[in-house]
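Scope of the values below: all heavy atoms of this structure, side chains included, with no hydrogens, waters or symmetry mates. Chain naming here is simple, since letters A, B, ... match the order of the sequence lines and numbering starts at 1 in each.
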Amino acid sequence: MSKSYDPQEIEPRWQARWDEQQTFRARNPGDPDFDPDQPKYYVLDMFPYPSGAGLHVGHPEGYTATDILARARRKQGFNVLHPMGWDAFGLPAEQYAIQTGTHPNVSTNANIDNFRRQLKALGFSYDWSRELSTTHPRYVRWTQWIFARLYERGLAYLAEVPVWWCEQLGTVLANEEVIDGRSERGDFPCVRRPLKQWMLRITAYAQRLLDDLDGLDWPESVKTMQREWIGRSEGAEAEFDVVGHEVRIRVFTTRPDTLFGASFMVLAPEHPLVAQITTDAQRQAVADYQAQAAAKSELDRTDLAKEMTGVWTGAYALNPLYPEDDPRARLPVWIADYVIVTYGTGAIMAVPAGDERDARFAGVFGLPIPPIFAADTGDPERDARIRSGAECWSGPADYIHSSNDDLDLAGMDLAAAKQAVTGWLEARGRGAAKVTYRLRDWLFSRQRYWGEPFPVLHCEDGSIELVPDDQLPVELPAMSEFAPSGKAEPPLAKATEWLRATDSAGRPARRETNTMPNWAGSCWYYLRFMDPRNETALVAPEVERYWGPVDLYIGGTEHAVLHLLYARFWHKVLFDLGVVSTTEPFQKLYNQGMILSFAYQDARGATVAVDQAEEVADGEFRHKDSGEPLTRVVAKMSKTLKNVVNPDDVIHNFGADTLRLYEMYMGPLADPKPWNTKDVAGVHRFLNRVWRLVVPKEEGVDLRPNLRTEQAADPALERLLHRTVHKVTGDIDKLAFNTAIAAMIVWVNEATKAQDALSRSQIARFLGVLNPFAPHLTEELWSRLGLPGDASLAVWPEVDPAQLVDDDVELVVQVLGKLRGRIVVPNGSADADVLAAAREAVAEHLTGKTIVKEIVVPGRLVNFVVK
RNA sequence: GACCCUGUGGCGGAAUUGGCAGACGCAUCGGACUUAAAAUCCGAGAUCCGGAAACGGGUGUGUGGGUUCGAUUCCCACCGGGGUCACCA
């Protein structure tokens, strides 16, 4: 047996043993050894996309956190579900296939094998018997099954919609995948194009998705992002007659109370009424502007700094609040690209006195600004400007010039005024209260090969039919040519044999050639983990009722909106179908922070790669070639900066336990933090000291003699151990792993100093709490001590509350808030006794002064306020 | 531009949520062990002033104000870093 701590030898051995013994298998209801009285704990990682590059050090950060929770809960008596799988459909595998000719299935499986090897080398306690891949036909079957249910409920439909088309990727992309007119993946330019696409009616669930956020234990920032993404806004729709036409312009506004201040109207350039209402005189100018707007990139159109542009259509609309012949009723109708066709009704009433954008537009084109507000800002000059319409105001104010024959807003507050105008419109059939959402329906098809096929048939008569459930899955055809045709025609269109099918009436039909987006598989994988091999149901109801919902879900912030919103949407549909028993999938969500790295910056602020810099003195860096001084900065890991850290290397040099411990010790889980290889040695030293507590250096002695049999415990070490166990237990619950580790280091430092006084029971209990953090080392020492069973399954040590309180406590004595002395008093002393001792301790600071006030904080301090 | 998060030694960070600022780790310095070095172990360490010294006194959590007996913690304004949304009517 090795005398020294040798992770390279220990770690693979224990990993193999856990595998063989299925140490971490979770029991399902119905399993022979299932214990219904055991509480359950479902702790889940956001499963990875198995990329060709393998794991980076960011992956083990969240995975170690969940693993510590899983291991601790198991030892605390929970039946723990802690699974892992692969989100394996997606563009990179297909791009790789296009470049190399390797079938995505082949490269994906190779990547999965590599990821699995790397994760196993980290010693994660996954129940590998539940491993799944979204690409596996047995999984695809149920993804398609869910789609079929969506279709049956009218939540999936085909629509001709303007979509983002990316020439280089040869596909359409969802709005979410396009940033500033360029593809998120690959950064290629994208253009808008109308195409027939599958859409999912997520908007039908907008209100429920919004309301149910309240009950979730999620970071506020993520809830806020989802709320903003859903973008509920309350207001009213109003209809405006157009002079000389039989049409009405409908607008949506959140401020119906400002309708009296409308002085013009603006339609989006793409608004369908534009052609109809434009006068001959303005036709050319309008056409020019429309062409100009269409040619503009999204980036230019949304650039806030740009000049306001627009053109008058020549038409007038009528403000419904005023009689037709009232001059205030006549509103010129403009088109301008600051109005977006896809939001609200694509048209607005412009109130320059109450809206910043309308005010700017009115300023540029010299349109009237009828004042409607008398505000009290505390600045008389400003108040005057607002009262005259010279300055725009949207805050609370008194209404002026806001009345007609039967409506007067004077004296009303905002809510009352909104309601009054909305009510007036409604009574006359000119409008109604209206709720609008920013959320759009979800574009759900992609023109790619490597995704789930749609389980639908296009029949000869143009109708659509679902593939019967008992014929699922519709598998992808074997193909060797994956390149997108570039004609908005998916690769599957070339699979001529596969395309041919027969509908329910026995007539020839054609399969759908689009595939589902990457998000589909990740929308419900957490459910399949509960019951991964069920052939008759997506998940058995009694199994779902037992495991659901996920108790803790950890992943990166990049999924704050899309994945988490889509999964919540599908979950709610499955709830309505009776497939799941909870309205929400993930009760508690936590985002780990990104692991950053160091890089360098020269005097001009340009970043310099790590291999170009050298440390010349403590904290002083120079450029290796030019010698110019550099400053160290924190940056994202990137190939160009040469600061990428590979987990395989860290495991090779220090072991998996050290890597796990270091990532948890770096700082708070949620914070972004820089990797510092020098610091890794610190936690490695700590593990070495733990090793030395059990295995002495001397040759011929395998175990410290004091640990062979139980001996009387050293009271001080015992006390500290109880505190340490208490601290670690609480910190694990709070996901505060960095401070838990600090507490364990303190104990080991003390135990090292009092090495011969350490007892067998004490080291066993300590290894018990260290085990979730450093499972291999603790198993090895547990086994060398001859302790029963596996450290991974041994029960969590108990804390004696009596050991947490001291007999005597030291209090700080302050005079006027300044530290002047210390006293030691019995714990729980009466205030009077404490004060007496305190007065004595700081007597010299009190002489000649009058005590005005005495403050006693039990167990902490005494403060004298003197004059 | 709006909203959210964040700012503590040379570095990563801690502080029971209003009560001894700097736990723990890295780096640094000193000591022990060693022929020597590494490794290991023990110890020092915010800063300024006075003192040979143990010690005493002042200052200190981005900056400026405020609340409080007491502020890293709460409030206001500003500055720096990060994130999200970005003409959403």
Side-chain angles (χ1 to χ4, degrees), chain A residues 4 180 219-225 228-229 231-233 235 251-255 258 266 268 301-306 308 336-340 342-351 354-358 360-361 436-438 557-558 560-561 593-594 596 598 615 617-620 632-634 661-662 665-668 670-683 685-686 688-689 692 697 727 730 736 738-746 749 752-753 755 810-819 821-822 852-866:
Chain A
S4 58
D180 293 335
E220 262 328 298
S221 61
V222 175
K223 289 199 207 180
T224 303
M225 277 191 244
E228 286 174 354
W229 191 264
R232 179 190 159 100
S233 56
V251 305
F252 172 74
T253 176
T254 54
R255 293 296 299 270
T258 64
V266 186
R301 272 188 74 157
T302 54
D303 181 7
L304 279 168
K306 78 167 173 23
M308 276 287 186
D337 64 8
Y338 82 92
V339 174
I340 299 168
T342 49
Y343 184 79
T345 62
I348 62 157
M349 62 181 210
V351 183
D355 184 284
E356 189 61 43
R357 296 153 300 175
D358 298 345
R360 274 165 57 209
F361 194 83
T436 303
Y437 300 91
R438 205 187 74 111
T557 348
E558 66 272 21
V561 176
M594 198 187 302
L596 305 168
F598 290 121
E615 190 164 8
D618 202 15
E620 269 183 57
R632 193 166 75 169
V633 293
V634 171
L661 211 61
Y662 173 63
Y665 190 57
M666 289 172 80
D671 291 1
K673 34 203 175 285
W675 181 279
N676 190 355
T677 300
K678 276 185 180 172
D679 291 348
V680 179
V683 286
R685 256 197 285 269
F686 162 65
N688 244 313
R689 303 184 91 180
R692 282 283 166 245
K697 245 190 198 135
K727 172 81 175 150
N738 54 332
T739 48
I741 294 167
M744 291 190 282
I745 294 173
V746 170
N749 288 346
T752 302
K753 284 179 220 167
Q755 213 155 65
E810 191 190 60
L811 293 157
V812 167
V813 184
Q814 299 181 336
V815 177
L816 282 171
K818 289 206 197 311
L819 178 66
R822 291 164 195 277
V852 181
K853 201 171 173 185
E854 296 170 327
I855 293 137
V856 179
V857 182
R860 298 222 185 282
L861 61 67
V862 178
N863 189 13
F864 293 109
V865 185
V866 297

Quick one: does A:Y662's side chain have a donor or acceptor within less than 3.5 Å of a partner on A:G682's backbone? no

Taking the side chain of [X] as heavy atoms from C-beta outward, which of [options] is closest to it?
{"X": "A:K818", "options": "B:rU84, B:rG58, B:rC11", "value": "B:rG58"}
{"X": "A:K753", "options": "B:rG19, B:rC42, B:rA89", "value": "B:rC42"}
{"X": "A:Y343", "options": "B:rA89, B:rC69, B:rU40", "value": "B:rA89"}

Does [X] have a side-chain nitrogen or oxygen under 4.0 Å from the phosphate oxygens OP1 or OP2 of [N]?
{"X": "A:T224", "N": "B:rU84", "result": "no"}
{"X": "A:K853", "N": "B:rC69", "result": "yes"}
{"X": "A:R438", "N": "B:rC85", "result": "no"}

For [N] and [M], measure between their [atom1] atoms and round to the nearest Å.
{"N": "B:rC20", "M": "B:rA14", "atom1": "C1'", "result": "14 Å"}
{"N": "B:rU73", "M": "B:rG18", "atom1": "P", "result": "11 Å"}
{"N": "B:rU72", "M": "B:rU84", "atom1": "C1'", "result": "27 Å"}
{"N": "B:rU63", "M": "B:rG7", "atom1": "P", "result": "13 Å"}
{"N": "B:rG80", "M": "B:rG58", "atom1": "P", "result": "36 Å"}
{"N": "B:rG82", "M": "B:rG64", "atom1": "C1'", "result": "24 Å"}
{"N": "B:rG22", "M": "B:rU47", "atom1": "C1'", "result": "13 Å"}
{"N": "B:rC48", "M": "B:rA54", "atom1": "P", "result": "15 Å"}

Give the rounded distance in Å between these two atoms: [atom1] of [X] and [atom2] of [N].
{"X": "A:M225", "N": "B:rC4", "atom1": "CE", "atom2": "P", "answer": "13 Å"}
{"X": "A:R357", "N": "B:rA86", "atom1": "CZ", "atom2": "C1'", "answer": "11 Å"}
{"X": "A:Q755", "N": "B:rC42", "atom1": "CD", "atom2": "C1'", "answer": "13 Å"}
{"X": "A:D671", "N": "B:rG13", "atom1": "CG", "atom2": "C1'", "answer": "10 Å"}
{"X": "A:L596", "N": "B:rG81", "atom1": "CG", "atom2": "P", "answer": "16 Å"}

Would you mind telling me which residue lines up with the more 5' stretch of RNA chain B, A:S233 or A:V634, judged by nearest nucleotide? A:V634

Of A:P668 and A:I855, whose nearest nucleotide on RNA chain B comes first from the 5' end? A:P668

Have a look at A:D355 and say if it touches a base, only the backbone sugar-phosphate, or nothing, with a 4.0 Å heavy-atom cut-off. nothing

Under 4.0 Å, counting only non-hydrogen atoms across every strand here, what does A:T342 touch: a base, just sugar-phosphate, or nothing? nothing

Let me have a per-nucleotide readout for nucleotides 20-25 of chain B, 5' to 3', with B, S or -, counting only protein heavy atoms under 4.0 Å. B--BBS

Per the glycosidic torsion and the 90° limit around 0, nucleotide B:rG31 is anti

For B:rU17, does the glycosidic angle fall within 90° of 0 (syn) or outside that (anti)? syn

Pick one: which of A:I745, A:V683, A:V680 meets side-chain contact (heavy atoms from CB on, under 4.5 Å) with A:L661? A:V683

Intermediate values then yes/no, side-chain contact (heavy atoms from CB on, under 4.5 Å), A:D679 and A:Y665: CA-CA 10 Å; A:D679 291 348; A:Y665 190 57; over 6 Å; no

Kindly determine whether A:K673 and A:D671 satisfy salt bridge (Lys or Arg N to Asp or Glu O under 4.0 Å), including the steps that lead there. CA-CA 6 Å; A:K673 34 203 175 285; A:D671 291 1; over 6 Å; no

Please name the nucleotide paired to B:rG1 by Watson-Crick or G-U wobble geometry with both distances under 3.5 Å, or report none. B:rC85

According to the Watson-Crick and G-U wobble definitions, with both distances under 3.5 Å, which nucleotide is paired to B:rG80? B:rU6

Any chance you could lay out the side chain to side chain donor-acceptor pair (under 3.5 Å) test for A:Y338 and A:D358, step after step, and finish with the verdict? CA-CA 10 Å; A:Y338 82 92; A:D358 298 345; 2.8 Å; yes

Could you please spell out the steps behind the side-chain contact (heavy atoms from CB on, under 4.5 Å) verdict for A:M225 and A:T557? CA-CA 10 Å; A:M225 277 191 244; A:T557 348; 4.2 Å; yes

